[in-house]
Amino acid sequence: MRILRRPLPAAPITETPTLAVTIDRYWCDPHGTHVTGWAHCGGFPVNGLTLATRSGSVATVVLHRPDLPVFFGGNEAMATAGFSAYLPGPPDVELEFLGETGHLAVRCIVPAPRHPLPVVPTDTEGRDWRDAAREAIEAAPPGRVLALGVRTGRAEDDRSLREKFPNREVIGVDIHPGIGVDLVADVHELDLAAGVASAAIVYSGSLLEHVAAPWLVARACATVLVPGGYALHHAPWAWPTHARPNDFWRMSPDGLRQLFTPMLGFEVVETGSSVDVRMQVEPHPFSPDDPRLPLLAFSTTHSAATSWIIARKTTEPPAVTEWPYTGTEVAALAARYPVDGIAVSSD
(Lines give C-alpha, C1' and ligand atoms only; values in the text may rest on other atoms or scores of the structure.)
Protein backbone atom coordinates (compact mmCIF):
# COMPACT_ATOMS: atom_id res chain seq x y z
CA MET A 1 0.00 0.00 0.00
CA ARG A 2 1.39 3.45 -0.95
CA ILE A 3 0.38 6.30 1.35
CA LEU A 4 0.37 9.91 0.17
CA ARG A 5 -0.49 13.00 2.20
CA ARG A 6 -1.87 16.29 0.84
CA PRO A 7 -2.23 19.05 3.45
CA LEU A 8 -4.92 21.66 3.03
CA PRO A 9 -4.19 25.33 3.85
CA ALA A 10 -4.66 25.54 7.59
CA ALA A 11 -2.86 26.32 10.80
CA PRO A 12 0.28 24.16 10.98
CA ILE A 13 0.19 21.05 13.14
CA THR A 14 3.10 19.00 14.32
CA GLU A 15 2.09 15.63 12.85
CA THR A 16 0.29 14.60 9.66
CA PRO A 17 -2.14 11.72 10.26
CA THR A 18 -2.01 8.67 8.01
CA LEU A 19 -5.08 7.34 6.23
CA ALA A 20 -5.31 3.57 6.49
CA VAL A 21 -7.77 1.62 4.33
CA THR A 22 -8.73 -2.05 4.54
CA ILE A 23 -10.82 -3.66 1.78
CA ASP A 24 -12.88 -6.73 2.65
CA ARG A 25 -15.34 -6.88 -0.25
CA TYR A 26 -14.49 -6.10 -3.87
CA TRP A 27 -15.48 -6.80 -7.44
CA CYS A 28 -15.26 -5.04 -10.76
CA ASP A 29 -16.55 -5.56 -14.28
CA PRO A 30 -16.58 -3.41 -17.44
CA HIS A 31 -19.47 -1.40 -15.98
CA GLY A 32 -18.13 -0.46 -12.57
CA THR A 33 -16.27 -1.19 -9.34
CA HIS A 34 -17.75 -2.09 -5.97
CA VAL A 35 -15.78 -2.01 -2.73
CA THR A 36 -16.50 -2.15 0.99
CA GLY A 37 -14.13 -1.97 3.94
CA TRP A 38 -13.10 0.45 6.64
CA ALA A 39 -10.81 3.46 6.93
CA HIS A 40 -9.31 5.46 9.77
CA CYS A 41 -6.65 7.95 10.77
CA GLY A 42 -4.96 7.08 14.02
CA GLY A 43 -7.88 4.99 15.23
CA PHE A 44 -10.63 7.46 14.35
CA PRO A 45 -12.98 7.57 11.34
CA VAL A 46 -12.37 10.14 8.59
CA ASN A 47 -14.87 12.59 7.14
CA GLY A 48 -16.04 12.81 3.54
CA LEU A 49 -14.37 9.64 2.32
CA THR A 50 -14.47 9.26 -1.47
CA LEU A 51 -13.33 6.58 -3.89
CA ALA A 52 -11.60 7.62 -7.11
CA THR A 53 -10.18 5.89 -10.17
CA ARG A 54 -9.36 7.15 -13.64
CA SER A 55 -13.08 6.76 -14.37
CA GLY A 56 -14.06 9.42 -11.83
CA SER A 57 -14.94 9.59 -8.15
CA VAL A 58 -17.87 8.90 -5.85
CA ALA A 59 -18.66 9.58 -2.20
CA THR A 60 -18.67 6.45 -0.07
CA VAL A 61 -21.61 5.39 2.07
CA VAL A 62 -21.00 4.91 5.80
CA LEU A 63 -21.44 1.32 6.96
CA HIS A 64 -22.03 0.50 10.62
CA ARG A 65 -19.22 -1.81 11.80
CA PRO A 66 -19.83 -2.89 15.40
CA ASP A 67 -16.92 -5.33 15.06
CA LEU A 68 -14.28 -2.58 14.84
CA PRO A 69 -14.23 -0.80 18.25
CA VAL A 70 -12.80 -3.82 20.04
CA PHE A 71 -9.65 -3.55 17.90
CA PHE A 72 -9.20 0.13 18.77
CA GLY A 73 -9.29 0.09 22.54
CA GLY A 74 -13.08 0.16 22.70
CA ASN A 75 -13.32 3.41 20.72
CA GLU A 76 -17.01 3.35 19.74
CA ALA A 77 -16.44 6.00 17.08
CA MET A 78 -14.81 3.30 14.95
CA ALA A 79 -18.21 1.66 14.55
CA THR A 80 -18.83 4.32 11.88
CA ALA A 81 -15.54 3.70 10.06
CA GLY A 82 -17.02 1.23 7.59
CA PHE A 83 -17.71 2.29 4.04
CA SER A 84 -19.25 1.08 0.80
CA ALA A 85 -18.95 2.51 -2.70
CA TYR A 86 -19.95 1.71 -6.25
CA LEU A 87 -18.15 3.67 -8.95
CA PRO A 88 -19.49 3.31 -12.52
CA GLY A 89 -16.90 3.01 -15.27
CA PRO A 90 -14.14 0.66 -16.42
CA PRO A 91 -11.93 -0.93 -13.75
CA ASP A 92 -8.58 0.51 -12.75
CA VAL A 93 -5.38 -0.97 -11.31
CA GLU A 94 -5.46 1.42 -8.35
CA LEU A 95 -8.15 2.61 -5.96
CA GLU A 96 -7.65 6.08 -4.54
CA PHE A 97 -9.32 7.05 -1.27
CA LEU A 98 -9.62 10.68 -0.19
CA GLY A 99 -10.86 11.96 3.13
CA GLU A 100 -10.53 14.69 5.72
CA THR A 101 -9.46 14.73 9.33
CA GLY A 102 -9.20 17.95 11.25
CA HIS A 103 -7.86 20.55 8.83
CA LEU A 104 -6.08 18.04 6.63
CA ALA A 105 -6.96 16.15 3.48
CA VAL A 106 -5.63 12.62 3.57
CA ARG A 107 -5.12 10.29 0.65
CA CYS A 108 -4.42 6.59 0.32
CA ILE A 109 -3.81 4.60 -2.87
CA VAL A 110 -4.55 0.88 -2.69
CA PRO A 111 -3.71 -1.55 -5.50
CA ALA A 112 -6.91 -3.08 -6.85
CA PRO A 113 -7.23 -6.71 -5.71
CA ARG A 114 -6.39 -9.26 -8.38
CA HIS A 115 -9.60 -11.20 -7.72
CA PRO A 116 -12.99 -10.68 -6.06
CA LEU A 117 -13.10 -10.49 -2.27
CA PRO A 118 -13.80 -12.34 -0.11
CA VAL A 119 -11.87 -15.27 -1.50
CA VAL A 120 -13.97 -18.36 -2.14
CA PRO A 121 -13.09 -21.12 0.36
CA THR A 122 -11.16 -23.90 -1.32
CA ASP A 123 -13.10 -26.73 0.35
CA THR A 124 -16.65 -25.77 -0.60
CA GLU A 125 -17.17 -28.39 -3.29
CA GLY A 126 -16.59 -31.38 -1.00
CA ARG A 127 -16.62 -34.82 -2.56
CA ASP A 128 -16.72 -35.16 -6.32
CA TRP A 129 -20.11 -36.18 -7.70
CA ARG A 130 -18.49 -38.59 -10.15
CA ASP A 131 -16.68 -40.47 -7.39
CA ALA A 132 -19.82 -40.72 -5.27
CA ALA A 133 -21.91 -41.88 -8.24
CA ARG A 134 -19.34 -44.50 -9.24
CA GLU A 135 -19.38 -45.97 -5.74
CA ALA A 136 -23.19 -46.07 -5.71
CA ILE A 137 -23.27 -47.79 -9.10
CA GLU A 138 -20.92 -50.47 -7.79
CA ALA A 139 -22.97 -50.89 -4.61
CA ALA A 140 -26.34 -51.14 -6.34
CA PRO A 141 -28.01 -54.54 -6.68
CA PRO A 142 -27.95 -56.31 -10.05
CA GLY A 143 -30.31 -54.90 -12.61
CA ARG A 144 -30.77 -52.37 -15.34
CA VAL A 145 -30.45 -48.61 -15.34
CA LEU A 146 -33.17 -46.15 -16.26
CA ALA A 147 -31.36 -43.02 -17.46
CA LEU A 148 -33.82 -40.12 -17.60
CA GLY A 149 -33.75 -37.13 -19.92
CA VAL A 150 -30.73 -38.36 -21.87
CA ARG A 151 -31.71 -37.42 -25.42
CA THR A 152 -28.62 -36.01 -27.13
CA GLY A 153 -27.50 -34.77 -30.49
CA ARG A 154 -24.33 -36.85 -30.61
CA ALA A 155 -23.85 -40.60 -30.54
CA GLU A 156 -20.54 -40.25 -28.70
CA ASP A 157 -22.33 -38.55 -25.79
CA ASP A 158 -24.71 -41.49 -25.57
CA ARG A 159 -21.81 -43.96 -25.57
CA SER A 160 -20.04 -41.97 -22.85
CA LEU A 161 -23.14 -42.08 -20.65
CA ARG A 162 -23.62 -45.82 -21.02
CA GLU A 163 -19.99 -46.45 -20.16
CA LYS A 164 -20.68 -45.05 -16.69
CA PHE A 165 -22.71 -48.19 -15.96
CA PRO A 166 -20.45 -51.11 -16.87
CA ASN A 167 -22.08 -54.54 -17.24
CA ARG A 168 -25.57 -53.09 -16.90
CA GLU A 169 -28.34 -52.64 -19.43
CA VAL A 170 -29.06 -48.92 -19.80
CA ILE A 171 -32.51 -47.78 -20.93
CA GLY A 172 -32.51 -44.17 -22.08
CA VAL A 173 -35.82 -42.43 -21.28
CA ASP A 174 -36.97 -39.09 -22.68
CA ILE A 175 -40.18 -37.27 -23.54
CA HIS A 176 -38.97 -36.96 -27.15
CA PRO A 177 -37.38 -39.59 -29.43
CA GLY A 178 -33.76 -39.08 -30.42
CA ILE A 179 -30.22 -40.35 -30.03
CA GLY A 180 -29.87 -42.26 -26.76
CA VAL A 181 -33.62 -42.72 -26.27
CA ASP A 182 -34.85 -46.30 -25.91
CA LEU A 183 -38.15 -45.47 -24.22
CA VAL A 184 -40.25 -42.42 -25.00
CA ALA A 185 -42.15 -41.62 -21.81
CA ASP A 186 -43.20 -38.91 -19.40
CA VAL A 187 -40.99 -39.37 -16.34
CA HIS A 188 -43.85 -38.22 -14.10
CA GLU A 189 -45.36 -41.63 -14.95
CA LEU A 190 -42.12 -43.57 -15.20
CA ASP A 191 -43.59 -46.47 -13.25
CA LEU A 192 -46.39 -46.88 -15.79
CA ALA A 193 -43.95 -46.88 -18.70
CA ALA A 194 -41.13 -48.97 -17.25
CA GLY A 195 -42.90 -51.14 -14.68
CA VAL A 196 -42.80 -51.55 -10.92
CA ALA A 197 -39.47 -52.78 -9.45
CA SER A 198 -37.95 -52.80 -12.92
CA ALA A 199 -34.57 -51.12 -12.30
CA ALA A 200 -31.63 -51.19 -9.92
CA ILE A 201 -30.60 -47.60 -10.67
CA VAL A 202 -32.47 -44.49 -11.77
CA TYR A 203 -30.20 -41.74 -13.02
CA SER A 204 -30.68 -38.18 -14.27
CA GLY A 205 -28.40 -35.28 -14.99
CA SER A 206 -29.93 -31.80 -15.29
CA LEU A 207 -33.43 -33.16 -15.75
CA LEU A 208 -35.30 -32.32 -12.56
CA GLU A 209 -35.38 -28.58 -13.24
CA HIS A 210 -37.38 -29.28 -16.42
CA VAL A 211 -40.18 -31.44 -14.98
CA ALA A 212 -43.41 -29.78 -13.88
CA ALA A 213 -43.76 -31.77 -10.64
CA PRO A 214 -40.40 -33.18 -9.46
CA TRP A 215 -42.03 -34.71 -6.38
CA LEU A 216 -44.07 -36.97 -8.65
CA VAL A 217 -40.90 -37.94 -10.49
CA ALA A 218 -39.26 -38.82 -7.16
CA ARG A 219 -42.20 -41.06 -6.26
CA ALA A 220 -42.06 -42.71 -9.68
CA CYS A 221 -38.33 -43.34 -9.18
CA ALA A 222 -39.07 -45.07 -5.89
CA THR A 223 -41.73 -47.21 -7.53
CA VAL A 224 -39.54 -48.47 -10.40
CA LEU A 225 -36.59 -49.25 -8.14
CA VAL A 226 -36.07 -52.69 -6.63
CA PRO A 227 -35.51 -52.78 -2.86
CA GLY A 228 -32.02 -51.47 -2.21
CA GLY A 229 -31.91 -49.74 -5.60
CA TYR A 230 -30.26 -46.36 -6.02
CA ALA A 231 -31.50 -42.98 -7.26
CA LEU A 232 -28.68 -40.80 -8.62
CA HIS A 233 -29.55 -37.26 -9.64
CA HIS A 234 -27.81 -33.95 -10.15
CA ALA A 235 -29.51 -30.67 -10.96
CA PRO A 236 -28.69 -26.95 -11.21
CA TRP A 237 -28.78 -24.67 -8.20
CA ALA A 238 -27.28 -21.37 -9.42
CA TRP A 239 -27.50 -21.67 -13.18
CA PRO A 240 -28.66 -19.53 -16.12
CA THR A 241 -32.18 -19.98 -17.48
CA HIS A 242 -32.22 -22.52 -20.31
CA ALA A 243 -34.55 -24.70 -22.41
CA ARG A 244 -37.41 -22.26 -21.99
CA PRO A 245 -40.33 -22.50 -21.54
CA ASN A 246 -39.63 -25.72 -19.63
CA ASP A 247 -37.15 -24.45 -17.06
CA PHE A 248 -39.07 -24.59 -13.77
CA TRP A 249 -36.88 -25.29 -10.73
CA ARG A 250 -33.52 -24.83 -9.01
CA MET A 251 -32.50 -27.26 -6.28
CA SER A 252 -30.08 -27.12 -3.38
CA PRO A 253 -28.72 -30.29 -1.78
CA ASP A 254 -31.25 -29.80 1.03
CA GLY A 255 -33.99 -29.36 -1.55
CA LEU A 256 -33.07 -32.68 -3.14
CA ARG A 257 -33.29 -34.26 0.30
CA GLN A 258 -36.88 -33.06 0.49
CA LEU A 259 -37.65 -34.73 -2.84
CA PHE A 260 -35.97 -38.07 -2.18
CA THR A 261 -37.34 -38.23 1.32
CA PRO A 262 -38.05 -41.14 3.67
CA MET A 263 -41.73 -40.31 3.17
CA LEU A 264 -41.29 -41.65 -0.36
CA GLY A 265 -39.29 -44.69 0.72
CA PHE A 266 -35.73 -43.34 0.38
CA GLU A 267 -32.72 -43.28 2.63
CA VAL A 268 -30.42 -40.42 1.65
CA VAL A 269 -26.92 -41.80 1.31
CA GLU A 270 -25.10 -38.61 0.37
CA THR A 271 -25.64 -35.14 -1.05
CA GLY A 272 -23.24 -32.55 -2.33
CA SER A 273 -22.62 -29.62 -4.62
CA SER A 274 -20.09 -28.62 -7.22
CA VAL A 275 -18.69 -25.74 -9.27
CA ASP A 276 -18.41 -22.44 -7.39
CA VAL A 277 -19.97 -19.44 -9.11
CA ARG A 278 -20.56 -15.76 -8.43
CA MET A 279 -23.65 -13.91 -9.61
CA GLN A 280 -23.35 -10.61 -11.45
CA VAL A 281 -26.21 -8.17 -11.88
CA GLU A 282 -26.06 -6.23 -15.14
CA PRO A 283 -26.87 -2.50 -15.16
CA HIS A 284 -29.89 -1.41 -17.15
CA PRO A 285 -28.75 0.72 -20.09
CA PHE A 286 -32.07 2.53 -20.44
CA SER A 287 -32.63 3.61 -16.85
CA PRO A 288 -31.02 6.50 -14.96
CA ASP A 289 -31.33 4.40 -11.80
CA ASP A 290 -28.90 1.49 -11.83
CA PRO A 291 -30.93 -1.56 -10.69
CA ARG A 292 -27.82 -3.38 -9.56
CA LEU A 293 -27.25 -0.97 -6.66
CA PRO A 294 -29.34 -2.91 -4.09
CA LEU A 295 -27.64 -6.14 -5.22
CA LEU A 296 -23.97 -5.21 -5.18
CA ALA A 297 -23.04 -8.08 -2.88
CA PHE A 298 -24.08 -10.66 -5.51
CA SER A 299 -20.70 -10.49 -7.20
CA THR A 300 -18.77 -10.91 -3.96
CA THR A 301 -20.53 -13.97 -2.60
CA HIS A 302 -20.31 -17.45 -4.02
CA SER A 303 -22.67 -20.36 -4.46
CA ALA A 304 -22.54 -23.84 -5.89
CA ALA A 305 -23.72 -24.13 -9.48
CA THR A 306 -25.08 -27.68 -9.15
CA SER A 307 -26.42 -30.03 -6.49
CA TRP A 308 -26.54 -33.81 -6.37
CA ILE A 309 -28.02 -36.62 -4.34
CA ILE A 310 -27.58 -40.35 -3.94
CA ALA A 311 -30.52 -42.08 -2.25
CA ARG A 312 -31.30 -45.75 -1.66
CA LYS A 313 -34.78 -47.25 -1.70
CA THR A 314 -35.59 -48.79 1.67
CA THR A 315 -39.39 -49.04 1.72
CA GLU A 316 -42.25 -48.86 -0.75
CA PRO A 317 -43.55 -45.38 -1.56
CA PRO A 318 -47.18 -44.42 -0.92
CA ALA A 319 -49.62 -45.44 -3.62
CA VAL A 320 -51.06 -41.96 -4.03
CA THR A 321 -49.66 -39.63 -6.65
CA GLU A 322 -49.97 -36.45 -4.62
CA TRP A 323 -47.19 -34.97 -2.58
CA PRO A 324 -47.21 -36.60 0.87
CA TYR A 325 -47.51 -33.98 3.58
CA THR A 326 -47.24 -34.78 7.26
CA GLY A 327 -47.94 -31.58 9.10
CA THR A 328 -45.97 -32.36 12.25
CA GLU A 329 -42.75 -33.35 10.49
CA VAL A 330 -42.86 -30.58 7.92
CA ALA A 331 -43.78 -27.99 10.54
CA ALA A 332 -40.78 -29.08 12.61
CA LEU A 333 -38.57 -28.68 9.56
CA ALA A 334 -40.02 -25.24 8.83
CA ALA A 335 -39.34 -24.17 12.42
CA ARG A 336 -35.63 -24.82 11.82
CA TYR A 337 -35.48 -21.83 9.47
CA PRO A 338 -32.88 -19.57 11.14
CA VAL A 339 -34.20 -16.55 12.97
CA ASP A 340 -31.55 -14.45 11.21
CA GLY A 341 -32.28 -16.06 7.85
CA ILE A 342 -33.56 -12.83 6.33
CA ALA A 343 -30.44 -11.33 4.85
CA VAL A 344 -29.50 -7.74 5.67
CA SER A 345 -27.44 -6.12 2.93
CA SER A 346 -23.94 -5.05 3.94
CA ASP A 347 -24.36 -2.11 1.60
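Computed from heavy atoms alone, side chains included, the values below leave out hydrogens, waters and symmetry copies. Along the sequence shown, the residues carry numbers beginning at 1.
Screening residues 63-73 for salt bridge (Lys or Arg N to Asp or Glu O under 4.0 Å) gives Asp24-Arg65, Arg65-Asp67 as the qualifying pairs, with residues at least two apart or on separate chains. Residue pairs meeting the salt bridge (Lys or Arg N to Asp or Glu O under 4.0 Å) criterion with at least one member in residues 140-149, sequence neighbours excluded, do not occur. Applying the salt bridge (Lys or Arg N to Asp or Glu O under 4.0 Å) rule to pairs touching residues 185-202 yields Asp191-Arg219, sequence neighbours excluded. Evaluation of the salt bridge (Lys or Arg N to Asp or Glu O under 4.0 Å) test over residues 42-57, restricted to residues two or more places apart or in two chains, returns Arg54-Asp92. Within the structure, the ring pair (Phe, Tyr, Trp, His ring centres under 6.0 Å) test picks out the following pairs touching residues 134-188 (sequence neighbours left out): Phe165-Tyr203.
Annotation: the span from Leu256 atom CG to Ile309 atom CD1 amounts to 5.5 Å, rounded to 0.5 Å. Considering CZ of Arg25 and OG1 of Thr300, their distance stands at 3.5 Å, rounded to 0.5 Å. Considering CZ of Arg127 and OG of Ser274, their distance stands at 13.0 Å, rounded to 0.5 Å. The distance from atom NE2 of His210 to atom CG of Asp247, rounded to the nearest 0.5 Å, is 5.5 Å. Distance CG/Leu51 to OG1/Thr33: 7.5 Å, rounded to 0.5 Å. How far CZ of Arg257 is from CG of Leu259: 12.5 Å, rounded to the nearest 0.5 Å.
Heavy-atom minimum distance, Leu264 versus Ala218: CD1-CB, 3.8 Å. Considering all non-hydrogen atoms of both residues, Val58 and Ala85 come closest at CG1-CB, 4.3 Å. Counting all heavy atoms, side chain and backbone alike, Val110 lies closest to Cys108 at CG2-SG, 3.8 Å. Closest of all the heavy-atom pairs between Phe72 and Leu68 is CD1-O, 3.3 Å.
In this structure a side-chain-to-backbone donor-acceptor pair under 3.5 Å is missing from Thr261 to Gln258. At distances below 3.5 Å, at least one donor-acceptor pair connects side-chain atoms of Ser55 with backbone N or O atoms of Pro90. Panel note: side chain Trp237, backbone Pro253; no donor-acceptor pair is recorded below 3.5 Å. Judged by distance alone, with hydrogens and angles left aside, the side-chain atoms of Arg168 form a donor-acceptor pair with the main-chain N or O of Ile137 at under 3.5 Å. The closest donor-acceptor contact from the side chain of Thr60 to the backbone of Thr50 lies at 3.5 Å or more, if one exists at all.
Two residues are said to be in side-chain contact when any heavy atoms from C-beta on lie closer than 4.5 Å; Phe266 and Cys221 meet this criterion. Glu209 has its side chain within reach of His242: a pair of non-hydrogen atoms, C-beta onward, lies under 4.5 Å apart. Between Leu146 and Ser198, some side-chain heavy-atom pair lies under the 4.5 Å cut-off.
Legend: residues meeting salt bridge (Lys or Arg N to Asp or Glu O under 4.0 Å) with Arg151, ordered by chain and number and at least two apart, are Asp174. A search for salt bridge (Lys or Arg N to Asp or Glu O under 4.0 Å) contacts involving Arg244 returns nothing, not counting sequence neighbours. When the salt bridge (Lys or Arg N to Asp or Glu O under 4.0 Å) test is applied to Arg162, the partners found at least two apart in sequence or on another chain are Asp158, Asp182. Qualifying salt bridge (Lys or Arg N to Asp or Glu O under 4.0 Å) partners for Arg134, counting only residues two or more places apart in sequence or in other chains: Asp131. Among residues two or more places apart in sequence or in another chain, the side-chain hydrogen bond (donor to acceptor under 3.5 Å, both in side chains) test is passed with Thr53 by none.
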Can you give the donor-acceptor pairs under 3.5 Å from side chains of residues 224-236 to other protein atoms, not counting sequence neighbours?
{"residue": "Tyr230", "atom": "OH", "partner": "Arg312", "partner atom": "NH1", "Å": "2.8"}
{"residue": "His233", "atom": "ND1", "partner": "Ser204", "partner atom": "OG", "Å": "2.6"}

Pairs under 3.5 angstrom only: tabulate donor-acceptor contacts from the side chains of residues 38-49 to other protein residues two or more places apart or in another chain.
{"residue": "His40", "atom": "ND1", "partner": "Gly43", "partner atom": "N", "Å": "2.9"}

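Hydrophobic clustering (side-chain heavy atoms under 4.5 Å, transitive across Ile, Leu, Val, Met, Phe, Trp, Tyr) groups Val187 together with Leu216. Criterion: ILVMFWY side-chain heavy atoms under 4.5 Å apart, direct or through other members. Under it, Trp27 and Val93 are not part of a common hydrophobic cluster. Residue Ile179 is not grouped with residue Leu183 when hydrophobic side chains (ILVMFWY) are merged at heavy-atom distances under 4.5 angstrom, including chains of intermediate members. Under the 4.5 Å side-chain heavy-atom criterion for ILVMFWY residues, a single connected hydrophobic cluster contains both Phe260 and Leu207. Val119 and Val35 fall within the same hydrophobic cluster, defined by Ile, Leu, Val, Met, Phe, Trp and Tyr side-chain heavy atoms under 4.5 Å apart, directly or through other members.
Tested against His34, the residues Tyr86, Tyr26, Phe298 include a single side-chain contact (heavy atoms from CB on, under 4.5 Å) partner, Tyr86.
Shown here is Arg278, whose CZ atom has more than 12 heavy atoms of other residues, nucleotides or ligands within 6.0 Å. For Phe248, the CZ atom sits in a packed shell: over 12 heavy atoms of surrounding residues, nucleotides or ligands are nearer than 6.0 Å.
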For this session: Please lay out, stage by stage, how Ser307 and Ser252 fare under the test side chain to side chain donor-acceptor pair (under 3.5 Å).
Result: CA-CA 6 Å; Ser307 305; Ser252 67; 5.7 Å; no

